[in-house]
Amino acid sequence: MGSGARLARAGRAGGARRHSRRAAPGGGRRGRLRRRHLLTPRKRHGYNPSSNRPSRGNARPPGETAMQVRVRYAPSPTGLQHIGGVRTALFNYLFARSKGGKFILRLEDTDRSRFSQDYVQNLYDTFEWLGVKWDEGPDVGGPVAPYIQSERFDLYREHAERLVSLGRAYYCFCGEERVAKFHSDVQDEEGGAEGASFGYDRHCRNIDPAEAKVRAASERHVIRLKIPLGETTEFEDELLGNIAWKNEDVNPDPVLLKSDGFPTYHLANVVDDHLMGITHVMRAQEWISSTPLHVIMYQAFGWEPPAFCHLPMVMGEDGRKLSKRHGATSVDEFRKGGYLPEALLNYVGMLGASYEDGRDLYPLADLERLFSVEHLKKAPAVFDYKRLEWFNGQYIRQTPDAELAALVMPWLEEAGIAKKGDAAFEAAVLAAMPLAKERLHYLRDAPSVMGFLFAEPPVPAPEEFFPKKFDAAMTRSALAEARALLAARFPASDEELEEAYRARATELGLKLGDLLMPLRVAVTGSRASPPLFGSIRLLGLDRSLARIDRSLAALGS
RNA sequence: GUCUCCUUCGUCUAUCGGUUAGGACAUCGGAUUUUCAUUCCGACAAGAGGGGUUCGACUCCCCUAGGAGAUGCCA
């Protein structure tokens, strides 16, 4: 198969190693060494892809090398983009970038009952926000367009029929009601599933093909894949090694073409991956059990399957597949929660993967360079919100003040603090950035951290002003002292002011904090605030004094 | 139930048969400090269990246990 050095192997480290390719089964997390052996060519079916590739689906635009990696993210617009999807997309993207290949977006909108255009929009918005771009896709086009499955409708029936005429698939006339009863037992997990049957019973498999064809012309039907019985299907997973399934254990004769004429994921996925010249299929491990089924389809079509790489899943804290009940999982929620896309990308990029020992912060560009299947883990990873929060803080602190000020503006506007397009206000926010920056864990913290600089905070309850062991009267006189000192010394440096207060405190037999806490609460409206003198400087002496007087009054006489 | 995959600190991870098993987050303690935060320092904390192979096993093999996923005319 000389020319069989094909797409699927593109970007691998070459065929230099040709010893045992077989991954050792079972245990050991030391997959690295083993995986190296996977770089050897795999068994092929002596099939030359280019001869079989339809003209519309030539994945190799002229001028590009035959070995180019082509991977895709193929979401179904039936929900908001979530962490799991982003992870899959990101890893595909990184793989493509690291190999100088193409990253493709394909919309798998074959589930008409759950489809919504809003979700398509959400998909675009999400990845635009994240800054992850595809080389080919519905919006940017490409050599194997269209990239929306509903626009490739005819292709799927064509291919399903082809499988029928090949004797590898068949018409099925069983109603959904009949089939449903085979699944009912799966629901009661624990219970008496003794001898329960699962999946379809292959009822229509042996209808005479000629008769079936006639019936199909008038009767509502689906097309099912005829799983060859008595065989074993195996494939080499780039990450997991050799995986073998007895055909009896694969989903019995799954539906390929639904009764509404749309393909199921299985059909559309295989047909499009082939036609679009996809070389590597990287997807979450939840897909692994349908991979043998896909391999059987490739074989039935006489096509060379792509390389498969099943990524470790992302779990919630309870160790189960990440879902809504674990908290925020849609990217929208993270966006609205004040996360930076860079932080999310960095964090998600490290779930189930590692790059350089001892490093945590990786800008996207570095990930693009460093990504490698060899550094992927096999075990699932738990999504840790606390760790993400840390990443977010890191990226916030790395963001230049001007940029951060702009990012924070929508939150200030929403809190009613900022007026849109007010240049003076924007300048003030920028000026406050050095003080606020290291106090922001999320962008949404901006109003609570710096709001007092712009809007008059309510006067706190008297106790809020009290230094330790102080009562109202003591606090009031301390605040009066602080006010007098401020009025007298104000346009001084922070150091000078602090020295002045320290000296005065000593004179009064107080601690520095006893003088400054009431002042802080009066000026900022809170016991926790950015540095006091800096805040006063931003606020201006007059406004500060006014707040102090207000507080003095509230503390009584 | 069946099949498949997985198994290092609470969490994310490093370890390519020989290490005091390293780092990060979290937690706790300390330092800096006008509060909070940041930052810095320190502490706590791991090879699921049992058998092999080997001079030597977290690393290789087997078994057990545990976890997860799949078992749809959803993807």
Side-chain angles (χ1 to χ4, degrees), chain A residues 24-34 36 74-76 78-79 108 110-111 113-114 172 176 179-180 182-183 185-186 189-196 198-200 222 224 237 240 243-246 248-252 254-260 262 264-266 268-269 284-292 310 312-313 315 317 319-321 347 350-354 357-360 377-384 386-391 393 397 436-441 449 497-498 501-502 505 511-513 515-517 519-521 524 526-533:
Chain A
R29 70 191 81 88
R30 207 46 56 74
R32 193 146 305 172
L33 186 58
R34 249 182 292 138
R36 204 175 288 153
S76 170
T78 53
E108 306 223 333
T110 56
D111 180 351
S113 61
R114 293 196 299 154
C172 167
E176 292 187 59
V179 174
F182 295 112
H183 306 309
D185 296 313
V186 184
E189 321 233 337
E190 296 304 316
E194 311 297 341
F198 298 84
Y200 181 57
V222 301
R224 287 181 182 275
D237 188 279
L240 271 13
I243 296 177
W245 296 64
K246 292 207 252 324
E248 272 67 14
D249 294 325
V250 333
N251 190 354
V255 170
L256 261 26
L257 198 72
K258 305 184 235 183
S259 53
D260 65 1
F262 276 87
T264 58
Y265 168 80
H266 304 301
N269 172 266
Q285 272 180 25
E286 61 188 292
W287 289 106
I288 205 162
S289 60
S290 45
T291 304
H310 289 92
M313 308 225 300
M315 316 300 248
E317 277 170 300
R320 308 182 85 95
K321 202 162 121 179
Y347 176 69
M350 296 189 82
L351 281 178
S354 63
D357 198 11
R359 218 237 273 199
D360 296 301
K377 259 192 82 148
K378 300 174 175 184
V382 174
F383 193 91
D384 183 347
K386 293 302 274 184
R387 191 163 155 83
L388 207 211
E389 177 180 341
W390 178 80
F391 274 101
R397 263 160 256 132
K437 200 175 207 171
E438 61 198 28
R439 265 152 274 259
L440 299 175
H441 291 164
V449 167
L497 281 172
E498 179 173 337
Y501 274 94
R502 207 178 284 283
K511 284 183 284 190
L512 180 59
L515 225 40
L516 293 184
M517 182 52 79
L519 184 60
R520 177 187 307 282
V521 175
T524 71
S526 168
R527 294 179 72 91
S529 81
L532 224 203
F533 302 134

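Values below: every heavy atom of this structure, side chains too, minus hydrogens, waters and symmetry copies. Per chain, numbering begins at 1; letters A, B, ... match sequence-line order.
Here A:Lys258 does not reach the OP1 or OP2 of B:G72: none of its side-chain N or O atoms lies under 4.0 Å away. Taking only side-chain nitrogens and oxygens, A:Arg502 comes nearer than 4.0 Å to OP1 or OP2 of B:U34. When the side-chain nitrogen and oxygen atoms of A:Lys386 are compared with OP1 and OP2 of B:C25, none of them lie within a distance under 4.0 Å. Between A:Thr264 and B:C73, a side-chain N or O to OP1/OP2 separation shorter than 4.0 Å is absent.
Nucleic acid contact class of A:Leu512 (heavy atoms, under 4.0 Å, all strands): sugar-phosphate only. Residue-level contact check: A:Glu108 touches the backbone only, with heavy atoms under 4.0 Å from sugar-phosphate atoms and none from bases. Heavy atoms of A:Glu498 sit under 4.0 angstrom from at least one base atom. Counting non-hydrogen atoms under 4.0 angstrom, A:Gly319 reaches the backbone sugars and phosphates but no base. Residue-level contact check: A:Thr78 touches neither bases nor backbone, having no heavy atom under 4.0 Å from any strand. Counting any heavy atom pair closer than 4.0 Å across all strands shown, A:Pro530 reaches a base atom. Residue-level contact check: A:His310 touches neither bases nor backbone, having no heavy atom under 4.0 Å from any strand. Heavy atoms of A:Val382 sit under 4.0 angstrom from primed sugar atoms or phosphate atoms, though from no base atom. Residue A:Thr110 is in sugar-phosphate contact alone, with no base atom involved, counting any heavy-atom pair closer than 4.0 Å across all strands shown. Within 4.0 Å of A:Leu351, counting heavy atoms only, lie sugar-phosphate atoms of the nucleic acid but no base atom. Nucleic acid contact class of A:Lys321 (heavy atoms, under 4.0 Å, all strands): sugar-phosphate only. At a threshold of 4.0 angstrom between heavy atoms, the contacts of A:Ala284 with the nucleic acid are absent. The residue A:Pro531 sits close to a base: some heavy atom pair falls under 4.0 Å. Residue A:Phe533 is classed as a base contact, given a heavy-atom separation below 4.0 Å to a base.
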Please step through side-chain contact (heavy atoms from CB on, under 4.5 Å) for the pair A:Thr291 and A:Ile243, ending with a clear verdict. CA-CA 10 Å; A:Thr291 304; A:Ile243 296 177; over 6 Å; no
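Between B:C60 and B:U8, the distance separating the two P atoms is 13 Å to the nearest Å. Rounded to a whole angstrom, the distance from the C1' atom of B:C58 to that of B:G69 is 26 Å. For the P atom pair drawn from B:A31 and B:A37, the interatomic distance equals 15 Å after rounding to whole Å. Nucleotides B:A26 and B:U34 have their P atoms positioned 25 Å apart, rounded to a whole Å. The C1' atoms of B:A45 and B:C9 are separated by 5 Å, rounded to the nearest whole Å. Comparing B:G42 with B:C25, their P atoms are spaced 13 Å from each other, to the whole Å. With C1' as the reference atom, B:G22 and B:G49 are 26 Å apart, rounded to whole Å.
Using N1 to N3 plus N6-O4 or O6-N4 for Watson-Crick, or N1-O2 and O6-N3 for G-U wobble, each under 3.5 Å, B:U20 pairs with nothing. Pairing for B:A46 is absent, with no Watson-Crick or G-U wobble pair whose two atom distances lie under 3.5 Å. Across the strands present, B:U39 finds its partner in B:A31; the criterion is a Watson-Crick or G-U wobble pair with both atom distances under 3.5 angstrom. Nucleotide B:C25 forms a Watson-Crick or G-U wobble pair with B:G10, both donor-acceptor distances falling under 3.5 Å. Nucleotide B:C5 has B:G67 as its partner under the Watson-Crick or G-U criteria, with both atom distances under 3.5 Å. Within the shown strands, nothing qualifies as a pairing partner of B:U15 under the Watson-Crick or G-U definition with both distances less than 3.5 Å.
Taking the six-membered ring where the residue is Trp, A:Tyr347 and A:Phe383 present perpendicular rings, their angle passing 60° and hence far from 30°.
Put simply, CG on A:Asp360 is 14 Å from P on B:C12, counting in whole angstrom units. In this structure, CH2 of A:Trp287 is placed 18 Å from C1' of B:C3, rounded to the nearest angstrom. At whole-Å resolution of the value, CZ in A:Arg359 and P in B:A14 are 16 Å apart. Distance A:Phe383 CZ to B:C12 P: 12 Å, rounded to the nearest Å. Computed from coordinates, the A:Met313 CE to B:C6 P distance equals 13 Å when rounded to whole Å.
A:Gln285 places no side-chain N or O within 3.5 Å of a backbone atom of A:Ala379 that could act as its donor or acceptor partner. With hydrogens and angles ignored, the 3.5 Å screen pairs no side-chain donor or acceptor of A:Thr110 with any backbone N or O of A:Phe262.
Counting heavy atoms from C-beta on, the side chains of A:Val255 and A:Val179 never come closer than 4.5 Å. Contact check for A:Asp360 versus A:Arg387: side-chain heavy atoms found under the 4.5 Å cut-off.
Partners of A:Glu498 under the side-chain contact (heavy atoms from CB on, under 4.5 Å) rule, at least two apart in sequence or in another chain, are A:Arg502, A:Leu512, A:Phe533.
Comparing A:His266 and A:Ser289 along RNA chain B, the residue whose closest nucleotide (by nearest heavy atom) sits nearer the 5' end is A:Ser289. The nearest heavy atom of RNA chain B to A:Pro312 and to A:Ser113 marks one nucleotide each, and the one closer to the 5' end goes with A:Pro312.
Residue-to-nucleotide contacts include no donor-acceptor pair under 3.5 Å from the side chain of A:Ser529 to the base of B:C36.
Heavy atoms from other residues, nucleotides or ligands lying under 6.0 Å from CD of A:Glu248 number more than 12.
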